[in-house]
Amino acid sequence: MATDCTAETLKDPKERQSLRRRLLAWFGKHKRDMPWRRTRDPYQIWLSEIMLQQTTVAMAGPKFTVFVAAFPTVHDLAAADEQQVLRMWEGLGYYRRARGLHAAAKVIVAEHDGQLPRDVKSLMALPGVGRYTAGAVASFAYDVSAPIVETNTQRVLARLTGYRDEVVGGAGQRHIWNAAEALLPTTGAGTYNLALMELGALVCKPSDPRCDECPVTAHCAAFAGGLQNEIPKLAAKVKVTAVREGTVVVRKSGRVLLRQRAKGERWEGMWDFPRFALDGEGPLFVRRELVDNVREQTGVDIEPGPLLTTIKHGVTRYRITLECYEARATGGRVKSTDESSVRWTPLAELGDLPLSVTARKIATLITKQG
DNA sequence: AAGTCGGGGTG
DNA sequence: CACCCAGACTT
């Protein structure tokens, strides 16, 4: 029963229609311009949704434009080399999305005649497409009446319905999806979904929502109870672990030593300088770790040089301090396995390979130095 | 149900 | 620093 969990105020059809009308009027005045809102091409809409998963609009915008220029159609994407796709994804993070996108493009060409499916079930069968993305593509591209729940709409719906329990987890998600479904119009679902999301992004913000600018406070249980800052209930925060890692730029006659990240590793499929956890404190101990780890990962023997730079960055729940050393090769030979290949790469070719952001920073640094 | 996966922007 | 971002997938 879709309305079982819905707040009392939203059980009345007239109430829901009034809410939608106010929301759409507000959206008409305040909607932002975005690259993917200028097209109805299902391929581009799907691409934008994958790109926007856990990624800000500001970050995705420029990447989207460049990506579409490189792969204008699903056929272009399906025919592309995965390395090219990863290269275009560089800097966006969650690189599994790029691999899934590429795999899904092949499925769409092979099984759907190059057309994005219209129905939620078929969309969800594609790699990287969950219930949110399926609903987004179906409603935005085809105006199918499918609900969406992502971080914005989840927050808006929790507040509208005055849902005080934990929203992450089975019961909470059921409630939110039921509310999304209950409010969904039978026509114009795409615009309505966009409007609800936009309200969450611009007005119904995580902290200190601008209720004075909100078009639907009359329908909002959280506003009525003064609970806007208590709803939705925040998830337990994950604790961050500090990690120290080392990476080495090994040079040999104008080339540098790279290895490709193996399946199951972080940054799978992308290229990186030899990189590993660093345990030792003293310079001699570190020096030994560099020699041993480079040898183990690549088969190459090195003579470590000075510290080139230190980069601090975060990867999900890890806070990483990365020490980057220079070194020169003294012997050994590259060993590539099935899972991970190793190669000596000319500096001029670094621009063609997909690198992690840290590896790209180092590549830029050593390329400028010459 | 909990862990994993990136990286950058904001207060 | 803490928190947040058009989530999906694996264990």
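In what follows, every chain begins at residue 1, and chains take the letters A, B, ... in the order their sequences are listed.
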Its contact letters, B for base, S for sugar-phosphate only and - for none at protein heavy atoms under 4.0 Å, make nucleotides 3-11 of chain C read SSBBBSS--
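- Nucleotides C:dC9 and B:dG8 place their P atoms 24 Å apart, quoted to the nearest Å.
- Where A:Met59 and A:Gly170 meet DNA chain B, the nucleotide closest to each residue was compared, and A:Gly170 sits on the side nearer the 5' end.
- For B:dG6 and C:dC4, the C1' atoms lie 14 Å apart once the distance is rounded to whole Å.
- In this structure, A:Ile311 atom CD1 and B:dG6 atom P are separated by 17 Å, rounded to whole Å.
- Comparing the P positions of C:dA6 and B:dG11 gives a spacing of 14 Å, expressed to the nearest Å.
- As rounded to whole Å, 14 Å separates atom C1' of B:dG6 from atom OH of A:Tyr318.
- The distance from atom NZ of A:Lys361 to atom C1' of B:dG6 is 11 Å, rounded to the nearest whole Å.
- Salt-bridge annotation for A:Asp301 and A:Arg295: present, with a side-chain N of the basic residue lying under 4.0 Å from a carboxylate O of the acidic one.
- Under 4.0 Å is where a charged nitrogen must lie from a carboxylate oxygen, and between A:Glu245 and A:Arg266 at least one such pair does.
- Rounded to an integer number of Å, the gap from CZ of A:Arg266 to C1' of B:dG6 is 9 Å.
- Counting to the nearest Å, the C1' atom of B:dG7 and the CZ atom of A:Arg319 are 11 Å from each other.
- A:Glu281 has its side chain within reach of A:Arg244: a pair of non-hydrogen atoms, C-beta onward, lies under 4.5 Å apart.
- Along DNA chain B, the nucleotide nearest to A:Val238 and the one nearest to A:Gly314 differ in position, and the one closer to the 5' end is contacted by A:Val238.
- Residues A:Glu265 and A:Arg259 are paired through a salt bridge, judged by an N-O separation under 4.0 Å between the basic side chain and the carboxylate.
- Ring planes of A:Trp36 and A:Phe64: perpendicular class, angle over 60° (limits at 30 and 60°).
- If you measure from atom NZ of A:Lys312 to atom P of B:dG8, you get 16 Å, rounded to the nearest angstrom.
- A:Arg317 has a side-chain polar atom (N or O) that falls below the 4.0 Å cut-off from OP1 or OP2 of B:dT4.
- When rounded to the nearest whole Å, the span between CD of A:Glu268 and P of B:dT4 equals 17 Å.
- Side-chain N/O atoms of A:Trp267 include one lying less than 4.0 angstrom from OP1 or OP2 on B:dG7.
- The one candidate from A:Gln154, A:Glu150, A:Gln53, A:Glu49 that meets the side-chain hydrogen bond (donor to acceptor under 3.5 Å, both in side chains) condition with A:Tyr132 is A:Glu49.
- Placement of A:Tyr94 and A:Tyr318 in two distinct hydrophobic clusters is found when ILVMFWY residues are connected by side-chain heavy-atom separations under 4.5 Å, directly or transitively.
- Of the C1' atoms belonging to C:dA8 and B:dG9, the separation is 23 Å, rounded to the nearest Å.
- Nucleic acid contact for A:Gly100: none, since no nucleic acid atom lies under 4.0 Å from a heavy atom of the residue.
- Taking atom CG of residue A:Leu355 and atom P of nucleotide B:dG6, one finds them 14 Å apart after rounding to whole Å.
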